[in-house]
Amino acid sequence: MSTTPRTPRSALFLGATLLTATVALYMALVAFGNITDFGTNQQFVRHVLAMDTTFKDDDLMWRAVTSKGLQDAAYIAIIVWETLAALVLVYGTWLWARRDQDRARRFSTYGLVMVMLLFGAGFIAIGGEWFSMWQSKDWNGLDAATRAFLFSGVVLLVINLPFGQPGKQSAT
């Protein structure tokens, strides 16, 4: 029977566990909210993609996606990605709790990168710049996306710090 290598508990290890759990909880709540209150953020995605509340610049408006089917497909893809990221982070949290540091770090990194891609590439870059979400007073989610991106990035840094004992070099 194979046993999982155990890592001694440290404040940093506990911090990595709890911070991963926090992002997992956040993503689970975001996905749950989008599933149970589908219409609210569906409207958000539709307005951002349609660019109907941005400056009416002909040089930009060709980018607009006005097909409700494509808009809804994009929204469903976002929800699926959020749900998968939440599940990966829950698994990472479980691995931290089991003190399986190497696998916990790996899966937490996967989940956090998924969150950062969603909020960084998806909402900040594509939504904010390609679809000019920054121009909208009513449908601008850049502040929330930036908060989620930065928080996930900080957690990514924390979980990848070496967890050695004080005064000793860590092998990881």
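Because only heavy atoms are used, hydrogens play no part in the values below, and waters and symmetry mates are left out as well, while side chains stay in.
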Subject >> In one Ile/Leu/Val/Met/Phe/Trp/Tyr side-chain cluster, 4.5 Å: Val90, Val155 >> reply: no
Original post:
Does some side-chain heavy atom of Tyr75 sit less than 4.5 Å from a side-chain heavy atom of Phe38?
Top reply: yes
Original post:
When you look at Asp37 and Thr40, which way does the side-chain contact (heavy atoms from CB on, under 4.5 Å) test go after all the steps?
Top reply: CA-CA 6 Å; Asp37 183 20; Thr40 299; 2.7 Å; yes
**OP:** Group every Ile, Leu, Val, Met, Phe, Trp and Tyr by side-chain heavy-atom contacts under 4.5 Å, then state whether Trp130 and Met51 land in the same group.
**Re:** yes
Original post:
Any side-chain heavy atom of Arg103 sitting closer than 4.5 Å to one from Trp94?
Top reply: no
Original post:
Hey, is Asp102 close enough to Arg105 for a salt bridge, meaning N to O under 4.0 Å?
Top reply: no
Subject >> Closest contact, heavy atoms only, Thr17 versus Ala97 >> reply: CG2-N, 4.3 Å
Subject >> Distance (rounded to the nearest 0.5 Å) between Thr83 OG1 and Ile78 CD1 >> reply: 11.5 Å
Original post:
When Leu49 is tested against each of Met133, Arg63, Gln71 for side-chain contact (heavy atoms from CB on, under 4.5 Å), which residue passes?
Top reply: Gln71
**OP:** Can you see which heavy atom on Gly92 is nearest to which on Ser108, and at what distance?
**Re:** CA-OG, 3.7 Å
Subject >> Minimum-distance pair of heavy atoms, taken over all atoms of Ser132 and Leu60 >> reply: OG-CD1, 3.6 Å
**OP:** Decide yes or no for Phe151 and Thr22: does some side-chain heavy atom of the first lie under 4.5 Å from some side-chain heavy atom of the second?
**Re:** yes
Subject >> Considering all heavy atoms, the nearest Val115-Ala148 contact >> reply: CG1-O, 4.5 Å
Subject >> Side-chain heavy-atom pair Leu142, Phe123 within 4.5 angstrom cut-off >> reply: no
Original post:
Going from CG on Leu157 to OG on Ser152, what distance comes out if it is rounded to the nearest 0.5 angstrom?
Top reply: 11.0 Å
Subject >> Minimum heavy-atom distance Gly111-Val88, with the two atoms named >> reply: N-CG1, 3.5 Å
**OP:** Identify the two heavy atoms, one from Thr93 and one from Ala24, that lie closest to each other, and give their separation to 0.1 Å.
**Re:** OG1-CB, 4.2 Å
Subject >> Stepwise side-chain contact (heavy atoms from CB on, under 4.5 Å) check, Val45 with Gln42 >> reply: CA-CA 5 Å; Val45 170; Gln42 177 189 38; 6.0 Å; no
**OP:** Measure the CH2-CG distance between Trp62 and Asp57 for me, rounded to the nearest 0.5 Å.
**Re:** 12.0 Å
Subject >> Side-chain heavy atoms of Thr109 within contact of Ile159, under 4.5 Å >> reply: yes
**OP:** Using the side chain to side chain donor-acceptor pair (under 3.5 Å) rule, pick out the option among Asp52, Thr54, Thr53, Asn140 that qualifies with His47.
**Re:** Asp52
Subject >> Sub-4.5 Å side-chain heavy-atom contact between Leu87 and Met27 >> reply: no
Subject >> Value rounded to 0.5 Å, distance of CD1 in Ile79 from CG in Leu84 >> reply: 12.0 Å
**OP:** Side-chain contact test, heavy atoms from C-beta onward, threshold under 4.5 Å: evaluate it for Phe55 versus Met61 and give yes or no.
**Re:** no
Subject >> Test log, rule ring-ring contact (aromatic ring centres under 6.0 Å, His included), inputs Trp139 and Trp134 >> reply: CA-CA 8 Å; Trp139 303 101; Trp134 64 270; over 10 Å; no
Subject >> same_hphob_cluster(Met114, Ile76) at 4.5 Å side-chain heavy-atom cutoff >> reply: yes
Original post:
Is there side-chain contact between Val65 and Phe131, with at least one heavy-atom pair below 4.5 Å?
Top reply: yes
Original post:
So with a 6.0 Å cut-off around NZ of Lys137, is the heavy-atom count from everything else above 12?
Top reply: no
Subject >> Verify same cluster id: Leu25, Phe107 (apolar side-chain graph, 4.5 Å) >> reply: no
Subject >> Hydrophobic cluster identity match, Ile126 and Val80, side-chain contacts under 4.5 Å >> reply: yes
Original post:
Roughly how far, to the nearest 0.5 Å, is CE of Met116 from CD1 of Ile124?
Top reply: 9.0 Å
Original post:
Stepwise, does the side-chain contact (heavy atoms from CB on, under 4.5 Å) test hold for Phe44 with Asn41?
Top reply: CA-CA 5 Å; Phe44 182 90; Asn41 280 332; 4.0 Å; yes
